[in-house]
There are 2 protein chains.
Amino acid sequence: MTHKENGVADIRDVAQRAGCSIATVSRALNSPQLVRPETLARVQAAAAALKFRPNALGRQLRGERTGLIGVMLPTLGNPVFADCLEGIEAAIDGTGRRLLLVTTQYDPERERNAIETLLQQRVDGLLLTLADAEHSVLLDDLAAEGVACQLVYNDAPERPCVSVDNRAAAAQGVAMLIEAGHRDIVMVTGALHASDRAKRRYLGYGDAMRAAGLTPLPAFEIDFNSGARGERVREWLAQRERDGARPTALFCSNDLLALGVMRALREAGLRVPDDMSVLGFDGLAVGELLSPTLATVVQPSVEIGRHAAQRLLAQIDARGGATPSHDASLGHALMLPHEIRRGGTVSAPPRRQD
Amino acid sequence: MTHKENGVADIRDVAQRAGCSIATVSRALNSPQLVRPETLARVQAAAAALKFRPNALGRQLRGERTGLIGVMLPTLGNPVFADCLEGIEAAIDGTGRRLLLVTTQYDPERERNAIETLLQQRVDGLLLTLADAEHSVLLDDLAAEGVACQLVYNDAPERPCVSVDNRAAAAQGVAMLIEAGHRDIVMVTGALHASDRAKRRYLGYGDAMRAAGLTPLPAFEIDFNSGARGERVREWLAQRERDGARPTALFCSNDLLALGVMRALREAGLRVPDDMSVLGFDGLAVGELLSPTLATVVQPSVEIGRHAAQRLLAQIDARGGATPSHDASLGHALMLPHEIRRGGTVSAPPRRQD
DNA sequence: CTGAAAGCGCTAACAT
DNA sequence: ATGTTAGCGCTTTCAG
């Protein structure tokens with residue numbers, strides 16, 4: 001058999017059919033202006049006839065770039081990350097690049113593997129949300145290797161990242177609670193050690209409390225993955241009740257958590273906001289559709305994704321340019337503005353029964 | 001310069017450092033048992049010392065499979081698709097495969113391009129949600145080319161797909177509305193021509209209406225992308241009001257739309273469900289967190305994604321196997337069970353004022 | 001404007 | 001158990 005059995009047409013097949021060399025085919029495809037119109041036409045005809053589909057792997061192996069962008073996110077179950085991904089998509093749209101996506105479920109080991117895998121595929125750059133970017137040697141390694149990379153959501157001041165100032169944002173949110181008259185405010189969060197963002201938000205909570213002369217309370221940490229979240233919340237509430245220390249407001253480290261907490265409150269017979277005010281963080285779109293609408297600290301998720309991708313692209317392109325990359329700004333943090341969304345879940349605290 | 005300037009270590013570099021041939025290195029990496037322990041150790045040491053990162057492109061170009069799965073979804077803005085993607089991720093987890101993700105915004109042209117792009121990257125298979133799978137020549141082409149492919153959400157009976165029976169599911173949902181006492185039920189949807197699912201759901205709506213001896217009403221189509229959706233809804237309501245033909249229940253073609261509609265209703269001063277019942281479709285998790293909770297037709301989104309991915313993997317593996325693929329079931333539709341979620345947004349219609 | 005030829009990094013026969 | 005060698009499909013000098 002003189003021909004390949006493989007059904008897929010080769011650049012050689014096209015060349016043969018067009019009566020030219022493979023080099024000419026390649027040129028016709030990539031730099032049409034370098035080819036005589038007549039030849040070009042023949043090549044195109046041949047390619048069409050053979051349903052030629054250029055093999056990106058060949059090109060990528062040969063070439064300098066792959067056009068692939070690696071994206072690593074904790075989960076898509078939280079719309080915050082899906083939104084961000086939409087922003088990323090929007091930013092690379094039209095650039096001819098594609099996304100290689102991995103989720104890690106906040107698992108540091110998976111993070112390691114995922115990054116390695118992406119690098120083996122020779123992605124041109126990385127867009128990452130790490131569980132904890134602060135204590136990550138990974139990042140130093142990446143930087144040392146000269147991998148183009150932007151963090152997303154992680155606000156690590158000294159690293160290339162796009163985020164909001166979680167600490168300041170949280171403080172501002174909690175200040176709003178205080179302003180509404182609350183003094184007994186507790187922060188509810190997933191495992192603190194597992195998320196640098198949650199930690200910074202807790203710091204912000206502390207800032208706001210102290211600024212108002214109040215004593216920060218320990219955070220109420222509940223397992224994010226536990227099925228019985230509602231129950232845990234109710235238990236905790238009952239406990240606080242017995243201690244006579246039920247807070248009047250809860251600051252939830254993210255909106256998804258806030259929704260779960262609100263449900264638990266409802267099931268426990270507590271009304272929001274009459275019996276308990278609730279403040280979230282993220283600014284999920286669904287929050288506005290609820291009634292009462294969810295008060296929250298809004299971060300511009302889509303924009304975060306978009307900016308991160310844009311910065312990454314700039315970073316990547318900088319390597320190609322003669323100028324050896326000096327827009328140093330790409331190497332540092334970009335903090336996007338946050339915003340407080342007042343919502344129906346926050347009201348003045350119930351009157352004390354003293 | 002006898003050495004490459006490129007900082008990245010080659011398989012040849014490793015071979016040299018380990019004092020063996022590149023073939024041995026390759027074996028050490030892919031089939032350690034074929035290599036003497038001692039040599040293996042040397043190779044591993046060399047690889048580690050050089051921070052050798054195997055280039056997947058080389059392997060993929062050479063080999064039969066790339067380990068890449070192409071995923072094409074309309075958007076990630078609707079959690080239904082994000083959920084599905086989670087299921088896909090879960091299914092491929094541990095198989096060493098990676099996801100190449102593209103979103104199309106329901107744009108048929110983008111669908112074309114995206115698929116072509118994915119194919120150029122030589123993905124092993126495709127997971128697709130098309131805007132309209134019924135009138136798609138794309139799919140016939142793919143089938144003809146022998147591309148492994150599963151549709152997701154599109155319920156095209158004759159095609160390889162994983163979905164729910166949208167028509168039957170919608171009918172069942174609407175029947176529930178009728179059972180609650182509603183007779184004036186209108187379906188609200190995005191552009192009908194743009195989505196085969198919406199079309200089938202509308203058929204189901206018609207089935208249920210006729211089965212109860214009621215006359216199906218024209219669907220109320222509102223532009224999904226319009227910013228002024230709320231306003232459109234209010235206008236429409238006002239119009240119906242004047243005509244004395246305000247429905248008592250709305251069947252929304254998806255949950256996201258239902259949430260938007262409910263907001264518009266609220267802004268128009270209508271209470272749900274007292275003045276108007278609302279039924280959604282999808283079963284988004286947030287629906288259960290609302291109050292009142294959203295009544296909806298639940299499709300198992302994560303499971304849909306998971307099954308689709310599993311079937312695709314089976315399909316891909318079938319090509320490798322000696323048996324030339326005969327689990328014909330993979331070639332046809334898999335309909336997963338749906339479920340009616342009763343919720344607070346549906347009640348008996350208000351008493352007629354006659 | 002076009003062609004010949006040298007690889008990109010890797011795997012898989014085929015020989016030792 | 002290990003080495004040699006021939007490509008996978010493509011781009012890109014370097015020569016015409």
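Only heavy atoms go into these numbers, but all of them, side chains included; no hydrogens, no water, no symmetry mates. Chain letters run A, B, ... following the sequence lines, proteins first and then strands; every chain starts at 1. The model shown is predicted, which means the values in this text are computed figures rather than measured ones.
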What I'd like to find out is whether the side chain of A/Glu89 reaches to under 4.5 Å of the side chain of B/Leu76, using heavy atoms alone.
no
Any salt bridge linking B/Glu109 with B/Arg112? Criterion: basic side-chain nitrogen under 4.0 Å from a carboxylate oxygen.
no
B/Ile88 versus B/Ile69: any side-chain heavy-atom pair under 4.5 Å?
no
Distance, rounded to the nearest Å, where B/Asp13 contributes CG and C/dC8 contributes P:
11 Å
When the nearest nucleotide of DNA chain D is assigned to B/Leu61 and to B/Leu40 on a heavy-atom basis, which residue is associated with the more 5' position?
B/Leu40
Of the listed D/dA6, D/dA1, C/dC1, the closest approach to the A/Arg36 side chain comes from C/dC1
When the distance from CD1 of A/Ile11 to P of C/dA5 is rounded to whole Å, what number comes out?
16 Å
When rounded to whole Å, the CZ to P distance for the pair A/Arg12 and C/dA5 reads 13 Å
Quick test of your reading of the model: are B/Arg110 and A/Asp93 salt-bridged, counting only N-O distances below 4.0 Å?
yes
Nearest-nucleotide check on DNA chain D, B/Gly63 vs B/Thr39; residue mapping nearer the 5' end is B/Thr39
So, A/Glu134 side chain and A/Asp196 main chain: donor-acceptor pair closer than 3.5 Å or not?
no
Taking the side chain as every heavy atom from C-beta outward, state whether B/Thr104 and B/Met72 have any atom pair closer than 4.5 Å.
yes
For A/Val152, run the side chain to side chain contact (heavy atoms under 4.5 Å, CB included) check against A/Leu312, A/Val162, A/Thr129 and tell me which one passes.
A/Thr129
Send over the distance from A/Gln121 CD to C/dC10 C1', rounded to a whole Å.
13 Å
Kindly determine whether B/Asn154 and B/Arg159 satisfy side-chain hydrogen bond (donor to acceptor under 3.5 Å, both in side chains), including the steps that lead there.
CA-CA 9 Å; B/Asn154 299 102; B/Arg159 300 198 183 276; over 6 Å; no
Pull out every residue in residues 20-34 of chain B that has a heavy atom closer than 4.0 Å to any atom of DNA chain C, ordered by number, or say none.
B/Ile22, B/Ala23, B/Ser26, B/Arg27, B/Asn30
Name every residue in residues 45-59 of chain A that has at least one heavy atom under 4.0 Å from any atom of DNA chain C, in order of residue number, or write none if there are no such residues.
none
Side chain of A/Asp83, backbone of A/Val302: donor and acceptor closer than 3.5 Å?
no
Between B/Gln60 (CD) and D/dC10 (C1'), how many Å, whole number?
15 Å
